[in-house]
Amino acid sequence: MTPKCCFLGFLFSVLLPGVVETQPANESLKPQRVHFQSRNFHNILHWKPGQACLGNNSVYFVQYKMYGERQWKNKENCWGIQEFFCDLTNETSDIWEPYYGRVRTTLAGIHSGWTMTQRFTPWWETKIDPPVMSITQVNGSLLVNLHAPNLPYRDQKGENVSMEYYELVYRVFVINNSLEKEQKVYEGAHRVVEIKVLSPHTGYCVVAEIYQPMLGRKSQRSRERCVESP
């Protein structure tokens, strides 16, 4: 039986009279691994298709609610979609509050049950991107400019809000290429860092990361930016 016919065969085995039903159709349709992925407080709900061979004809319906609420809310933009993800950033914008999401499947008039996420709190679970970094040479020193990732929110002027709002700490590391030695040269809140005492005619690479003191959590390191001192 080809993959396209797999689910049709499953439906017949469930619906034809006299055939023993080993697993309810709606259970086999239920979405799997429903979970949030959060990056810089962009909160996206993800899932996998159910165990049945679904092909491309199944559609998904998404609901969400804050912890403690009784009523689930429909996500209109993710109501009857064929994608395996749904952006719930706006619906989970109170980043200190816990939320739930859930997904169900419909195929050929058969509805699955709902599959629900574990409790999700953006503040505790979001991952932070490394800082965007640029380097210029000034009078034998390196001037490092650091920019935190933007949040998915805008201020009253309509401009993007920076992650700086949450009191981040930057860590800057310098690698002396000739010695193959790394040294942390700065840790603090400043976004412009001057690195002095460079050996002449030597290659240096700089990397940086963001640290959140409140959570004891750090980002991955930025890409290396390399220069050669005059």
Side-chain angles (χ1 to χ4, degrees), residues 1-129 149-153 163 212 215 217 219-220:
M1 183 176 294
T2 64
K4 292 183 179 179
C5 299
C6 176
F7 185 71
L8 291 176
F10 171 79
L11 283 181
F12 286 146
S13 69
V14 172
L15 300 178
L16 285 177
V19 176
V20 177
E21 181 178 342
T22 58
Q23 183 178 15
N26 62 345
E27 285 299 314
S28 187
L29 286 173
K30 284 183 68 174
Q32 306 291 311
R33 297 178 60 190
V34 181
H35 65 285
F36 280 96
Q37 291 183 6
S38 180
R39 200 169 198 90
N40 305 323
F41 299 111
H42 293 262
N43 306 322
I44 313 297
L45 189 68
H46 290 262
W47 60 90
K48 297 289 185 182
Q51 296 175 357
C53 182
L54 303 182
N56 297 320
N57 297 319
S58 57
V59 293
Y60 299 93
F61 302 86
V62 174
Q63 292 184 330
Y64 65 94
K65 69 175 182 177
M66 187 181 292
Y67 174 75
E69 294 179 340
R70 293 186 177 181
Q71 193 71 28
W72 287 90
K73 300 174 184 177
N74 298 339
K75 172 61 175 176
E76 294 184 4
N77 293 342
C78 301
W79 201 251
I81 62 173
Q82 291 188 307
E83 292 81 11
F84 301 145
F85 63 90
C86 175
D87 190 342
L88 291 176
T89 299
N90 292 333
E91 291 73 20
T92 54
S93 58
D94 192 339
I95 62 175
W96 291 278
E97 291 291 338
Y99 297 90
Y100 293 99
R102 67 179 187 178
V103 187
R104 73 184 301 181
T105 310
T106 296
L107 177 63
I110 298 178
H111 305 282
S112 78
W114 293 97
T115 304
M116 188 175 70
T117 65
Q118 296 181 346
R119 189 184 303 181
F120 165 72
T121 306
W123 174 252
W124 294 105
E125 299 183 47
T126 199
K127 294 183 179 179
I128 306 171
D129 282 338
N150 286 329
L151 298 171
Y153 318 121
M163 188 76 74
Q212 275 187 315
L215 298 178
R217 176 174 53 189
S219 72
Q220 293 183 340

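Just so you know, these numbers use all the heavy atoms, side chains as well, and skip hydrogens, waters and symmetry mates.
- In terms of modelled atom types and a separation under 3.5 Å, the side chain of Thr89 and the main chain of His42 share no donor-acceptor contact.
- In plain terms, the two heavy atoms of Met163 and Ile128 that are nearest each other are CE-CG2, 4.3 Å.
- Shortest non-hydrogen contact noted between Cys86 and Trp47 is N-CZ3, 3.8 Å.
- In terms of heavy atoms, Asn40 sits closest to Pro152 at O-CD, 3.3 Å.
- A 4.5 Å side-chain heavy-atom check between Tyr64 and Asn43 finds every atom pair outside the cut-off.
- Atom NE2 in His46 sits 12.0 Å away from atom CD in Glu83 (nearest 0.5 Å).
- Contact annotation: the side chain of Arg119 never approaches that of Trp124 to less than 4.5 Å [non-hydrogen atoms, C-beta and beyond].
- Residues Asp129 and Arg39 form a side-chain contact, since some pair of their non-hydrogen atoms from C-beta on lies under 4.5 Å apart.
- Taken from CH2 in Trp123 to CG in Asp94, the straight-line distance is 12.5 Å, to the nearest 0.5 Å.
- Aromatic ring pairs are classed by plane angle as parallel below 30°, tilted from 30° to 60° and perpendicular above 60°; the pair Phe84 and Tyr60 is perpendicular.
- Atom CD of Glu125 is separated from atom NE2 of His35 by 11.0 Å, given to the nearest 0.5 angstrom.
- Around CD of Glu97, the count of heavy atoms belonging to other residues, nucleotides or ligands within 6.0 Å exceeds 12.
- Within the 3.5 Å criterion, the main-chain N or O of Leu107 finds no donor-acceptor partner in the side chain of Ser58.
- At most 12 heavy atoms of other shown residues, nucleotides or ligands fall within 6.0 angstrom of atom CD in Gln220.
- A 6.0 Å sphere centred on CZ of Arg217 holds more than 12 heavy atoms belonging to other residues, nucleotides or ligands.
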Donor-acceptor pairs under 3.5 angstrom involving side-chain atoms of residues 66-81: please list them, not counting sequence neighbours.
{"unit_1": "Glu69", "atom_1": "OE1", "unit_2": "Met66", "atom_2": "N", "d": "3.0"}
{"unit_1": "Asn74", "atom_1": "OD1", "unit_2": "Gln63", "atom_2": "NE2", "d": "2.7"}
{"unit_1": "Lys75", "atom_1": "NZ", "unit_2": "Glu91", "atom_2": "OE2", "d": "2.8"}

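- By the 4.5 Å heavy-atom criterion applied to side chains, Lys48 and Thr115 are not counted as neighbours.
- Using a 3.5 Å distance cut-off with no hydrogens or angles, the side chains of His111 and Thr106 do pair a donor with an acceptor.
- No side-chain heavy atom of Ile95 sits under 4.5 Å from any side-chain heavy atom of Thr126.
- Using a 4.5 Å cut-off on side-chain heavy atoms (C-beta onward), Pro122 and Tyr99 make contact.
- Smallest separation of non-hydrogen atoms from Val34 and Pro31: CG2-CB, 4.0 Å.
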